[in-house]
Every structure is written in C-alpha cells, then in structure tokens.
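Below, read A as the first sequence line, B as the second, and so on, with proteins coming before strands; counting in each chain starts at 1. Only this structure's heavy atoms are used, side chains among them; waters, hydrogens and symmetry mates stay out.
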Amino acid sequence: MIPADHAIILSLVLFSIGLIGLLIRRNLLMILLSIEIMLNAANLLLVTGSYIHGNLEGQIIAFFVMVIAAAEVTIGLAIAILFFRLKKSVDTEKLDLLKG
Amino acid sequence: MTEIILFYLFSGLAVIFSLLAIFLKSPIKALLSLLVTLLSLAIIFTLLGAYLITMIHIVVYAGAILVLFLFVIMLQGLGASDTPLFQRFSKPLLFSLLLAPVLLFLIFLSALARSPKLLAASEKVHGTVEAIGRLLFTDYLLPFELTSFVLLLGVFAAIALAKKEPSS
C-alpha cells in the first residue's frame, strides 16, 4: 500500500516548485511550463483523493482538469506567438504595451 | 513492497526533474526535464490505481502539449532564451520570491499534519476504461459534453489569435 499522505506531500512539493518557476522565470513559455507543473500537482492530489476515499470521482475531475489544461496551453502558446511576432522576444519585461 | 519502492523512486525523479525544468536556462532542456516529470507522474498515477488517467496523461501531455511547446520554441529560435537568474532579480528580491512558495508549502503541510491520519481505502480503486467510461456517460454526461465545447472554443481562439494579420 502506498502511503497516501506522502503522495499528498509530493503534490504539495510539485505545486510549490511550479509556483517558484512562475515567479522567477521571465520567459513567457517557461511561465506556461510552470503552470503545467502546478496543474499536474493538482491532478495528483485529485487522484490521491480518489485513492483515499475509494471512489472514482477524483479521477473524473482529473480528466476534466486535463481537458482544460490542453485548451489553456493552446491559447497561451497562441498568445506567446502573437507576442513574439510583435516584439521579436518572449521576455515579459518587454510586455509593456499598456504602460502609459 | 515493490509498489512502495517504485513510488519513492519516481517521486524523487519527479521532484528533481521539475526543479531542473524551472531552473535550466535553455528552454529545450527545461522542456525535456518536464517530460521526465510527466512520465514519472504517469507511473505514480498507475500505482494509485488511475489507469485510464495514466494513458490520457501520457497522450495529452507527452504527446500533444510537449510537442506544441517544442514547435513554438523551435519557431522562436534564439528569441526564446532567458536572461540569467541573478541579472533578473537582486538577491533580496530573489530571496523573498523563493520564500513565498516555501511558506505556502509549510502552511499546507501544517494543515496536513493537523488532520487525522490518511489511509488508503480498504478496497483498492480501479480507474479502468470501463469504470470511468460508465461514470462519464451517466453521472457526468453534461460536463463531458461541455468539454467538447471548451476544446472547440480553444481551437477557434488559437486560430483567431495566431492568424497572420493582413499587412496594411
């Protein structure tokens, strides 16, 4: 039997790592990649919940999270391409179009 | 016993390679580290009894999302490189940025430590195609149909955003 609380701790560690990546990266693509790590941590937590409670609801929600993640990354990368076409860079420091 | 050894082995791999994914400078190397993290997570999903989720995870993440990332990085070439960490932030700022997620982790951990001991269910859950499919097409039929709508909207949005503007 896998210790359920250790699986939860693993998901917390991965979520924190994703959050660190989100904060310290200045590349739009790497920020999206960190969001993927955080979504995966959430999925792991849902699957662990399903493992603890012995029903399948958590796995169904994890399935829906994956669908949303796929749609999110498609739109995010489209925005990254648009931004790159505009500025020839994906550095978020250059993302100052709305600055007065 | 084998299950527990596999669980700790692949947990360690997932943590190490996700750390590499956020700290490596080259986007391609970071992406390939993320691939290792995702595959380790897939094995952990299998150990937790989520078989269909494992397969969808591999197909969607390793198959679709990573290839999409790879294409975008390839299209952008050298423009996708990142400035070194210490040039982006001063040291005190970097320290506080690292402190925030660590504190969040400690808050979660203390909440977990206060809760009663979590144990696996007495009968192991089996997320087979049959079991998940039965639930998806009965209790979760409406959300399942709505996901197709969300995916369609995602495709439309991506095409509308990334379309070449007519040169004026």
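Ring centers of A:His6 and B:Phe7: at least 6.0 Å apart, outside the cut-off.
Neither the backbone nor the side chain of B:Leu146 comes within contact range of chain A; no heavy atoms are under 4.5 Å apart. Using a 4.5 Å cut-off between heavy atoms, A:Ile52 touches chain B through backbone and side chain atoms alike. For B:His57, the parts sitting under 4.5 Å from any heavy atom of chain A are the backbone and the side chain alike. Residue B:Phe144 touches chain A through both its backbone and its side chain, counting heavy-atom pairs closer than 4.5 Å. Both the backbone and the side chain of A:Ala7 come within contact range of chain B, judged by heavy atoms closer than 4.5 Å. For chain A, the nearby part of B:Val60 is the side chain; its heavy atoms alone come within less than 4.5 Å. Heavy atoms of B:Ile53 lying under 4.5 Å from chain A belong to its backbone as well as its side chain. In this structure, chain B has a heavy atom under 4.5 Å from the side chain of A:Ile8, while its backbone stays farther away.
Side-chain atoms of B:Thr54 and B:Thr46 include a donor-acceptor pair closer than 3.5 Å.
For the pair B:Ile44/B:Ser11, a side-chain contact is recorded, criterion being any heavy-atom separation below 4.5 Å from C-beta on. Residues A:Met30 and B:Lys25 are not in side-chain contact: their nearest non-hydrogen atoms beyond the backbone lie 4.5 Å or more apart. Between A:Asn27 and A:Thr92, every side-chain heavy-atom pair lies at or beyond the 4.5 Å cut-off. Looking at B:Ser148 and B:Leu152, their side chains never come closer than 4.5 Å, going by heavy atoms from C-beta outward. Using a 4.5 Å heavy-atom threshold, the side chains of A:Leu14 and B:Leu41 count as touching. The closest side-chain heavy-atom distance from B:Leu48 to A:Leu44 is below 4.5 Å. Counting heavy atoms from C-beta outward, B:Ile56 and A:Phe63 have side chains that approach closer than 4.5 Å. Using a 4.5 Å cut-off on side-chain heavy atoms (C-beta onward), B:Phe69 and B:Leu34 make no contact.
No single ILVMFWY cluster, assembled from side-chain heavy atoms under 4.5 Å apart, contains both A:Ile31 and A:Ile79. If you chain together hydrophobic residues whose side chains sit under 4.5 Å apart, A:Ile75 and A:Val73 never meet in one group.
Heavy-atom pairs under 4.5 Å with chain B peak, among A:Val67, A:Ile9, A:Ile17, at A:Ile17. Counting heavy-atom pairs closer than 4.5 Å to chain A, the top residue among B:Phe108, B:Phe71, B:Phe105 is B:Phe105. Contact count against chain B (heavy-atom pairs under 4.5 Å) is highest for A:Asn40 among A:Leu23, A:Val13, A:Asn40, A:Leu19. Heavy-atom pairs under 4.5 Å with chain B peak, among A:Ile20, A:Asn55, A:Thr74, at A:Ile20. The residue among B:Pro143, B:Ala64, B:Ala14 with the most heavy atom pairs within less than 4.5 Å of chain A is B:Pro143. For chain B, the option among A:Leu33, A:Ile37, A:Leu28, A:Thr48 with the highest count of heavy-atom pairs below 4.5 Å is A:Leu33.
Between A:Phe64 and B:Tyr140, the ring-plane angle classifies as tilted under the 30° and 60° cut-offs.
Inspection of non-hydrogen atoms places B:Ala131, B:Ile132, B:Leu135, B:Leu136 of residues 131-138 of chain B under 4.5 Å from chain A.
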